[in-house]
Amino acid sequence: MTKAIHVKNCATNPSNFNSIISIARQFFSAVAGLESEPEGVRKLFGSPIGVLQDKDLLKKAPNGELLVLYLIDNGAMDADASLYNQLLKKCTEWKRLKEGRVVHEHFLRSRFSHYTVPNNTLINMYAKCESMGDARKVFDEMPERDMVSWTALITGYSQNEGAKEGLVLFTEMLRFGFMPNQFTFGSVLKAAGALESGGTGRQLHGGCVKCGYEENVYVGSALVDMYARCGLMDEGKIVFDKLSCKNEVSWNGLIAGHARKGEGEIALKLFCEMKRGGFQPTHFTFSSVYAACANIGALEPGKWVHVHMIKSGLELIAFIGNTLLDMYAKSGSIDDARKVFDRLLKKDVVSWNSMLTAYAQHGLGKETVECFEEMCRIGPEPNEVTFLCALTACSHAGLLDNGMHYFELMKKFKIEPIISHYVTIVDLLGRSGQLDRAEKFINEMPIEPTAAVWKALLGACRMHKNLELGVYAAEHVFELDPHDSGPHILLSNIYASAGRRSDAARVRKLMNQSGVKKEPACSWVEIENAVHMFVANDDAHPQREEIRNMWENITDKIKEIGYVPDTSHVLWFMDHQEREERLQYHSERLALAFALLNSPHGSPIRIKKNIRVCGDCHTAFKFVSKVVDREIILRDTNRFHHFRNGSCSCGDYW
DNA sequence: CTAGGGTTAG
């Protein structure tokens, strides 16, 4: 407030200025072209005004505030419509809602308050400051609206999680007879994409064609992105190919779409095409491509893209670094993940969370604890995802006490646990064999347990062979989520391992009758930049004979050093020999045999599987790692298993 | 005055 008084004194002393307005004008034209805001202020106001000579005050006061000091100086303010507009634009650019409101009030009292253009700017200002209620109010109260008014409001909604409102407004706009332009289409397409509404998107696409905007880069890119978000990649590709003038954004929309769909190979291929076409990949591109590589566990291609990024000179900021870290972690290279983490220019909360997730996936307990505690000391404030990551990591590493302690710690950080935190704690207790405690924990939860909570308990019952509690948990899962095949299989396995074959059969039958489908298991292995996929009992593979021979060979060797097949993981109704036969050709075994045949001796073997590894394969892999003296890294849906010299990093605990 | 693309958990 003292500042205001100073300025007021200055303002009432005309010998210092010609007018407040001319100063304000200069202020803007000068500041707009200057590097740092305080520097601009100093240059402009360095000598004549007392308060502005105070350098400390000057440093603390950004331009927006200084400006407002002039504006609230009542009598001195006599702006024209274009000055109001400039002021509002600055407030928008700097996202300064408070100052924007002051200008708004002043504007309302002026004789220009009915002018359409500054009102449009006001709508945009409030929208960019995430204050849609205010934006709407301006829109409703302005006497005359044009197409820009509608577009600014629609854009505001589509950028502030108001896709539905945006689309409703769009139809209303058409009813009032306003023609949408390329800006309008860009925004409504974004809204349709956010709602994943392909039907709406196609209609809008028709509108774009009619109005001749289909090949506008902005509209075209928005179309590509809209189709990508609706999962309609083919239609997106058609629009993309038609674009005579593409840019990075068009490419990114396409690449990100495939990355989101888990189509990593296509995303990588497009990345190459983009570069060949002479387009410079941006932060967005790299971020998507790394996510795509992480998804398919493609370490070598990921490294190759990383080299491109280093060559292109892009800095390792959090937004790309986080996905890069995640890519290395999910591709099995935890050391590279840590290196990226250490080299990040600035770590944000997602960086720490990603690092904790990496440790969780690899079951590294000591590192988890160190990382979390370092974060509490020197890092950003942990959020609810942080605790999820840390709790999952404790669960995967068998750190029961640490996990329970972190759960208690959430209170200190004033973070209310959501359902996923409870799921993780049930998992933590259950894995540790504390089944009764897990059950008690569920009963005492302050929120209603979901299917996921019971599923965690069921999984623990399978692990610790607890039939009675397993049945109880399964009943809850069936009731809450009848379409998931996982619980049926788990329960059937629990029955089978307890020798209750007829019950196991009953559950299987129930599953088949209710139309619940089991996801077909498959595994991938990467050999020299090519990814090879295997399904169980694959007879169609060109190398099937060699793979079979190799595996039989290996089986003989591991049996010599103590491997005994455990057939309780396969369907009970086959006879014993047939079961053993079946087990021989689980997809991960085929992938392993293939890798042994086709990769250089001594190099690590990286296999990925789409469901959890079965217990018998896990045992077999441990023996194989010893017999062939190779490191085998297996990624399943849950985590990584590093097999080395006869044991696994998960400590048989997954 | 109004437009399009990216990250962590389960």
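Chain identifiers are assigned alphabetically (A, B, ...) following the order of the sequence lines, protein sequences preceding nucleic acid strands; residue numbering begins at 1 within each chain.
Side-chain atoms of A:S395 and A:T392 form no donor-acceptor pair, as typed in the model, at a separation below 3.5 Å. A side-chain N or O of A:D146 and one of A:S149 form a donor-acceptor pair less than 3.5 Å apart. In the model, A:T323 has no side-chain atom that pairs as donor or acceptor with a side-chain atom of A:D326 under 3.5 Å. With 3.5 Å as the limit, one finds a donor-acceptor pair spanning the side chains of A:D348 and A:N322. Side-chain atoms of A:H104 and A:Y126 form a donor-acceptor pair, as typed in the model, at a separation below 3.5 Å.
Residue A:R260 is in sugar-phosphate contact alone, with no base atom involved, counting any heavy-atom pair closer than 4.0 Å across all strands shown. A:T151 comes within 4.0 angstrom of a nucleotide base, judged by non-hydrogen atoms across all strands. Heavy atoms of A:K128 sit under 4.0 angstrom from primed sugar atoms or phosphate atoms, though from no base atom. Backbone-only contact: A:T121 has heavy atoms under 4.0 Å from sugar-phosphate atoms and none from a base. Residue A:T386 is classed as having no contact, given no heavy-atom separation below 4.0 Å to the nucleic acid. At a threshold of 4.0 angstrom between heavy atoms, the contacts of A:K330 are confined to the sugar-phosphate backbone, with no base atom among them. As judged by a 4.0 angstrom heavy-atom cut-off over every strand, A:N119 is placed among residues making no nucleic acid contact. Here A:V217 lies in heavy-atom contact (under 4.0 Å) with a base.
Chain A approaches DNA chain B over the interval B:dC1 to B:dG10, counting the first and last nucleotide 5' to 3' with an atom under 4.0 Å from its heavy atoms.
Within the structure, no pair that satisfies the salt bridge (charged side-chain N to carboxylate O under 4.0 Å, His left out) test touches residues 157-172 of chain A, not counting sequence neighbours.
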